[in-house]
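Each remark here refers to the structure printed beneath this line.
Quick caveat, the model's predicted, so the values are computed rather than measured.
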Amino acid sequence: MEDELIIGNKKITNRLFIGTGKFPDDSLIPDVIKKSGAQVVTVAVRRVDFGKTKEDMTNYIPDNCILMPNTSGARNADEAVRIARLARAMGAGNWIKIEVISDNKYLLPDNIETIKATEVLAKEGFVVLPYVSPDLMVAKRLRDVGAAAVMPLGAPIGTNRGLKTKELVQIMIDEIDLPIIVDAGIGRPHEACEAMEMGASAVLVNTAIATAGDPVFMAEAFSNAVKAGRMAYISGIGAVKKYAEASSPLTGFLNL
């Protein structure tokens with residue numbers, strides 16, 4: 001069965017998105033992408049050396065991947081917009097993941113500044129994927145100003161704590177007619193599977209793969225988990241019931 005995710009006129013068949021930070025050695029990234037089958041890869045613009053004066057980490061990203069630069073390091077909307085424009089001017093394409101973070105302890109995104117940046121960049125033709133704390137009203141505002149998808153966090157970034165925001169993310173999935181991509185906090189493959197079973201359009205994983213004992217093998221595990229979760233969602237998961245219900249009829253067997 002054909003099951004494509006369309007974002008910015010791009011067809012995406014693998015719903016595991018990959019981040020590129022924290023790897024012990026960037027040379028692992030090609031094998032991680034190959035084993036996971038990921039088509040969308042995000043990279044912090046500040047890590048890209050467009051001038052080629054030193055090793056450029058984008059050299060590790062295959063040409064057939066969709067490069068999604070992110071605005072990591074931006075503390076307000078103006079800085080995020082500036083970083084996005086710089087990335088496009090340097091040839092990184094028009095996909096952009098908006099990250100606006102001014103909180104240094106929990107690294108939680110600033111939803112208000114993110115909405116401002118999304119509105120500006122969507123009007124300039126960017127395919128904007130904003131990273132936010134899960135909030136239905138914020139998601140509606142992002143949709144209204146032109147976001148291509150919304151990326152709620154599962155837990156604070158880099159924590160591997162799992163899908164702590166499950167109920168709020170579910171509300172967004174149920175109520176917003178945009179792809180909902182769970183980003184940040186997912187630490188284990190079964191948590192990615194759970195997000196997909198809930199109806200998330202995709203998940204983005206970085207730390208859990210990059211800090212694993214075997215990042216390449218873990219990338220494959222996450223890819224399989226995402227596929228399983230998506231298959232379960234499409235199949236239609238059975239209802240949860242309070243009381244027991246026999247799998248076969250309980251009548252008639254005493255007459256044998």
Exercise for the section: Determine whether I181 and F17 make a side-chain contact, defined as any pair of heavy atoms from C-beta on separated by less than 4.5 Å. Expected result: yes
Problem - Minimum side-chain heavy-atom gap V203-F222 below 4.5 Å - result: no
Practice task
State, with a plain yes or no, whether a side-chain heavy atom of D3 is found less than 4.5 Å away from one of I234.
Solution key: yes
Exercise for the section: Please tell me if the side chains of D110 and I101 come closer than 4.5 Å, counting only heavy atoms from C-beta onward. Expected result: no
Practice task
Supply the members, apart from V128, of the Ile/Leu/Val/Met/Phe/Trp/Tyr cluster built from side-chain contacts under 4.5 Å; use none for a lone residue.
Solution key: V81, I96, I98, V100, V120, L121, F126
Problem - Within 6.0 angstrom of Y233 OH, more than 12 heavy atoms from elsewhere - result: no
Handout entry: Residue pair E119, R141: steps toward the salt bridge (charged side-chain N to carboxylate O under 4.0 Å, His left out) verdict
Key = CA-CA 9 Å; E119 183 170 16; R141 289 290 308 278; 5.4 Å; no
Completion exercise
Minimal heavy-atom distance between P179 and S201, with the atoms involved, is CA-OG, 3.4 Å
Handout entry: Atom of P30, atom of Y60 and distance for their closest heavy-atom approach
Key = CG-O, 3.4 Å
Exercise for the section: Indicate yes or no: at least one non-hydrogen side-chain atom of L142 is less than 4.5 angstrom from one of I115. Expected result: yes
Problem - From CE (M218) to NZ (K35), nearest 0.5 Å - result: 14.5 Å
Exercise for the section: Would you check if I7 and W95 make a side-chain contact, meaning some heavy-atom pair closer than 4.5 Å? Expected result: yes
Handout entry: Spatial distance of atom CG (L67) from atom CG (D63) [nearest 0.5 Å]
Key = 10.5 Å
Practice task
State whether the side chain of D103 and the backbone N or O of Y106 hold a donor-acceptor pair below 3.5 Å, judged by distance alone.
Solution key: yes
Practice task
First locate atom CD1 of I29, then atom CG of D26, and finally report the distance between them rounded to the nearest 0.5 Å.
Solution key: 4.0 Å
Problem - D25, CG: over 12 other non-hydrogen atoms inside 6.0 angstrom - result: yes
Exercise for the section: Consider only side-chain heavy atoms of I, L, V, M, F, W and Y, link residues closer than 4.5 Å, and tell whether L129 and L178 are in one cluster. Expected result: no
Problem - Expected output: side-chain S223 to main-chain A219 donor-acceptor under 3.5 Å - result: no
Problem - N70 side chain to T42 backbone, donor-acceptor under 3.5 Å - result: no
Handout entry: I83 to S72 - nearest heavy-atom pair and separation
Key = CD1-O, 4.4 Å
Problem - Salt bridge flag under 4.0 Å for residues K116 and E113 - result: yes
For residues 148-161, dump all side-chain donor-acceptor pairs below 3.5 Å to protein atoms at least two apart in sequence or in another chain.
residue : atom : partner : partner atom : Å
T159    : OG1  : P156    : O            : 2.7
T159    : OG1  : R161    : N            : 3.4

Completion exercise
The side-chain contact (heavy atoms from CB on, under 4.5 Å) partners of K11 (sequence neighbours excluded) come to E4, I6
Exercise for the section: Kindly write out the residues that satisfy salt bridge (Lys or Arg N to Asp or Glu O under 4.0 Å) with K227, not counting sequence neighbours, or none if the list is empty. Expected result: none
Practice task
Would you check if the side chain of N206 reaches a backbone N or O of K22 as a donor-acceptor pair within less than 3.5 Å?
Solution key: no
Exercise for the section: Could I get the full list of side-chain contact (heavy atoms from CB on, under 4.5 Å) partners for I237, not counting sequence neighbours? Expected result: E197, A232
Problem - Same cluster (ILVMFWY, side-chain, under 4.5 Å), L204 and M196 - result: no
Exercise for the section: Quick one: list whatever passes side-chain contact (heavy atoms from CB on, under 4.5 Å) with K166, sequence neighbours left out. Expected result: L163, E194, M198
Exercise for the section: Considering non-hydrogen atoms only, spot the tightest contact between A38 and C65 and give its length. Expected result: O-SG, 3.7 Å
Handout entry: Nearest-0.5 Å distance, CD of residue Q39 to CD1 of residue I33
Key = 11.5 Å
Exercise for the section: Would you indicate whether the side-chain heavy atoms of P189 and N224 approach each other to under 4.5 Å? Expected result: no
Practice task
Group every Ile, Leu, Val, Met, Phe, Trp and Tyr by side-chain heavy-atom contacts under 4.5 Å, then state whether V216 and V205 land in the same group.
Solution key: yes
Completion exercise
Rounding to 0.5 Å, atoms CG (N111) and CE (M137) come to a distance of 12.5 Å
Exercise for the section: Report yes or no: is the cationic atom of K97 (NZ for Lys, CZ for Arg) closer than 6.0 Å to the six-membered ring centre of Y131, at no more than 45° off its axis? Expected result: yes
Practice task
Verify, without hydrogens or angle tests, whether R75 (side chain) and S102 (backbone) share a donor-acceptor contact under 3.5 angstrom.
Solution key: no
Practice task
Please report the C-alpha distance between E220 and S36 in whole Å, then the side-chain angles of each, then the deciding distance to 0.1 Å, and finally whether the side-chain hydrogen bond (donor to acceptor under 3.5 Å, both in side chains) criterion is met.
Solution key: CA-CA 5 Å; E220 186 175 9; S36 69; over 6 Å; no
Handout entry: Common cluster, V226/M68, ILVMFWY with side-chain heavy-atom separation under 4.5 Å
Key = no
Practice task
Spell out, as yes or no, whether a donor-acceptor pair under 3.5 Å connects the side chain of E191 to the backbone of R188.
Solution key: yes
Fill in the blank from the handout: Looking only at heavy atoms, the pair that brings G146 and A122 closest together is O-CB, 3.7 Å
Practice task
Can you see which heavy atom on A210 is nearest to which on P24, and at what distance?
Solution key: O-CD, 3.4 Å
Problem - Non-hydrogen side-chain atoms of E79 and R82 separated by less than 4.5 Å - result: yes
Exercise for the section: Supply the atom-to-atom distance I186 CD1 to T207 OG1, rounded to the nearest 0.5 angstrom. Expected result: 11.5 Å
Practice task
Following the transitive rule for hydrophobic clusters with a side-chain heavy-atom cut-off under 4.5 Å over Ile, Leu, Val, Met, Phe, Trp and Tyr, establish whether V182 and I171 coincide in one cluster.
Solution key: yes
